[in-house]
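First up is the structure itself, then whatever we jot down about it.
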Amino acid sequence: MEGKVSKKVKPVALVDCNNFYTSCERVFNPKLWGKPIVVLSNNDGMIIARSNEAKELGIKMGEPLFKAEEIIKKHNVYVFSSNYTLYGDMSHRVMTTLEHFSPEVEIYSIDEAFINLEGFSHKDLTDYCRLIRNTVRKWTGIPVSIGIAETKTLAKLANRFAKKVSSNKGVLNLYGIENKDYYLKNTEVADIWGIGRQYSKLLNLQNIFTALDLVNANEKWIKKKMTVMGLRTVLELKGIPCIEYEYFPPAKKAIVSSRSFGQTVKDIASVKEAIAFFVTRASEKMRAQKSSANLLSVFLRTNPFKKEAQYHNGVLIQLPVPTDSTSELISFAMKGVEQIFRIGYQYYKVGVMLSGLVPTKRSQTSIFDTENRLKMAKITEVVDEVNKKMGSNTLFYAATGINRKWRTRADMRTPKYTTDWEQLPVVSAKEFEII
DNA sequence: TCTGGGGTCCTAGGACCC
DNA sequence: TCTGGGGTCCTAGGACCC
C-alpha cells in the first residue's frame, strides 16, 4: 500500500450540527440567541450540551449540574431538560434537507451525516457545501459545519476546523490538498475520531501527541496496541478510505432500555413496575425492526456515587422460543427480578436488554411451545397501533404501574413544539425574524 | 441534596470437538 | 510420570462512538 493519496479517492463531507440540542431549543425561542444555554441529561443529572457562550463560561461537558450551579446562577445560564422528541424531529428535518443535495446521505447520529460527494467533483465543493449549510439554516433554523476530505476520519478532522476557525465560515475543504500537515499538527490525538481517553493516554506515553505524530507512528505497534480499529484510523488519516458508507442502518443486534430513577426505590413492587415499563419500551423498538429475542437480561443497581451499601446484579434469561411479545417478555422479566432482587437496598437504576435478536418471520417455534402465540401477536399489534395513533403509552400493561414513583425527573422541559398540536409555539411577528 | 442512555466492534480465553 | 494439534463457538471485558 502506498502512502500517497490516489487520484481515484472520492470526496466525502461530514455535516455536523453545531451544539445541536441547544440549537434546537433556540429555534423556537429566538430570544436565546447569543445567550449561554445548557441541556441536561435524563433526570436532569448532568450537562450534555452547551452553547458556545456556555462553553466560554467554562462549563464542562458531562459535568454534574450541581457542580456548575454557581456559574449558572452568576451568568444567567438558561437550563433545559432534554427533549428528545423535539431533537429527533429537528434531526429528521435537517437530514431531509441534506437529501436534496446528494442521493447518498449516511445518517451517522442524531446530529451528524456523511455525504458522498462523488459526482459533484465538477463543482467547487466549498461553494456547494456552503450552499448546503445556508439552506439547512434557512429551512430548519439549525446552524451546521461541514468538513470535506478523502476519508471519513479526515472529514471529521476538517469539520473541527470548519467549526472552530471563524474565518472558515463553517466549511473547510481539505479534499485534494496534498499536504495536510498543518491540520494534522494542530489536532491532538484525543480529538481524532476513533481515539478516546485510554488510547490518548497510551499514545502520549509514546510521545505521540498530535494527528501528525500518529500518522508517522509505527503501524505494527499501532495494530498490536490498538487493534485493527486503531490501524484503520491511522490509514484514514493518511487519506486511505477504510470505512464504508452505511446508507441503510442494519437491524440492531441488541436493544437496551434502562433509566436511573428520579428518586431511589426500595420495594420490589416499584422495581417490577419499572422493569415492566422498560420491557414494554424495548419490545416496541424490537418490533419496529421486526426482530424477536432469544435472550432477555434484567439488571438493577444502587447509586455508585453514594457512600451506602452497594448492590449490582443481573440475570440473563434464555427464552424458550424467540419472541416479540410484550406480555410474554414481561412475565419472564418478573421472574428475573424475583431472582436478583434483595431487600434493604436503595435501587437507583434498573434496565433490560433484549439480545440474540433474529428476524421475526424466520424465528423457530418449538414443539414444546404451548403459548397461544397468534392471539398474543394480535393483542400486541393492536396495542402498538393505538399507541402510534393516540400517543405512546395510551394503552399500557398494568404491570408497568400507575404511580410510577421511579419516574425520571425533567423539571425544565420545553414543549414538544413540532410534534404535538397542543404545544405548537405561538409567535409574535417580532420574534419570527430569523437571524 | 444533586452524576445519561444506547449502541458498535475486537480480542483473549475457555469449552468443546475431532 | 506424563500431558497434541487444530478448529469453532461463545462470552466477558475493554475500547470506542454519539
Where the side chain of [X] is concerned, which of [options] is the nearest nucleotide?
X: A:K67; options: B:dT3, B:dG6, B:dG4; result: B:dT3
X: A:S258; options: B:dG6, C:dC17, B:dG4; result: B:dG6
X: A:K306; options: C:dC17, B:dG6, B:dT1; result: B:dT1
X: A:R259; options: C:dC18, B:dG4, B:dG6; result: B:dG6
X: A:K285; options: B:dG7, C:dC18, B:dT11; result: B:dG7
X: A:T227; options: B:dC10, B:dG4, C:dC18; result: B:dC10
X: A:M46; options: B:dG7, B:dT3, B:dC9; result: B:dT3
X: A:W193; options: B:dG4, C:dC18, B:dC10; result: C:dC18
X: A:E112; options: C:dC18, C:dA15, B:dG4; result: C:dC18

[N] phosphate, OP1 or OP2: any side-chain N/O from [X] under 4.0 angstrom?
X: A:K349; N: B:dG6; answer: no
X: A:S41; N: B:dT3; answer: no
X: A:K253; N: B:dC9; answer: yes
X: A:Y84; N: B:dG4; answer: no
X: A:K224; N: B:dT11; answer: no
X: A:Y348; N: B:dG4; answer: yes
X: A:K225; N: C:dA15; answer: no

| Taking the six-membered ring for Trp, are the ring centroids of A:W193 and A:F114 within less than 6.0 Å of each other? |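 Yes, close enough.
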
Expressed in angstrom and rounded to an integer, what is the separation of [X] atom [atom1] from [N] atom [atom2]?
X: A:L316; N: C:dG13; atom1: CG; atom2: P; value: 13 Å
X: A:L357; N: B:dG7; atom1: CG; atom2: C1'; value: 12 Å
X: A:E308; N: B:dT1; atom1: CD; atom2: C1'; value: 13 Å

| message | Given A:L203, which partner from the list A:T210, A:D213, A:V189 fulfils the side-chain contact (heavy atoms from CB on, under 4.5 Å) test? | response | A:V189

| Is the backbone N or O of A:K266 less than 3.5 Å from a side-chain atom of A:S270, with the two atoms forming a donor-acceptor pair by type? |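 No: the side chain of A:S270 does not pair with the backbone of A:K266.
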
| request: Give a yes or no answer on whether the side chain of A:R26 reaches the backbone of A:L32 with a donor-acceptor pair at less than 3.5 Å. | output: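 Flag set: sc A:R26 to bb A:L32 pair under 3.5 Å.
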
| task | Check salt bridge (Lys or Arg N to Asp or Glu O under 4.0 Å) between A:K163 and all other residues, then give those that pass, not counting sequence neighbours. | result |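 Per chain and number, A:K163 pairs via salt bridge (Lys or Arg N to Asp or Glu O under 4.0 Å) with A:D16.
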
| request: Determine the interatomic distance between C1' on C:dG4 and the same-named atom on B:dC16; round to the nearest Å. | output: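 Going atom to atom, C1' in each nucleotide, I get 16 Å.
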
| request: Determine, stepwise, if the pair A:Y108 / A:K152 fulfils side chain to side chain contact (heavy atoms under 4.5 Å, CB included). | output: CA-CA 11 Å; A:Y108 174 68; A:K152 286 181 167 181; over 6 Å; no

| DNA chain B: A:S257 or A:K223, which has the more 5' nearest nucleotide? |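 On the 5' side of the pair lies A:S257.
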
| said: Return whichever of A:V256 or A:M61 has its heavy-atom-nearest nucleotide of DNA chain B closer to the 5' end. | reply: A:M61

| With both distances kept under 3.5 Å, what pairs with B:dC18, Watson-Crick or G-U wobble? | C:dG5

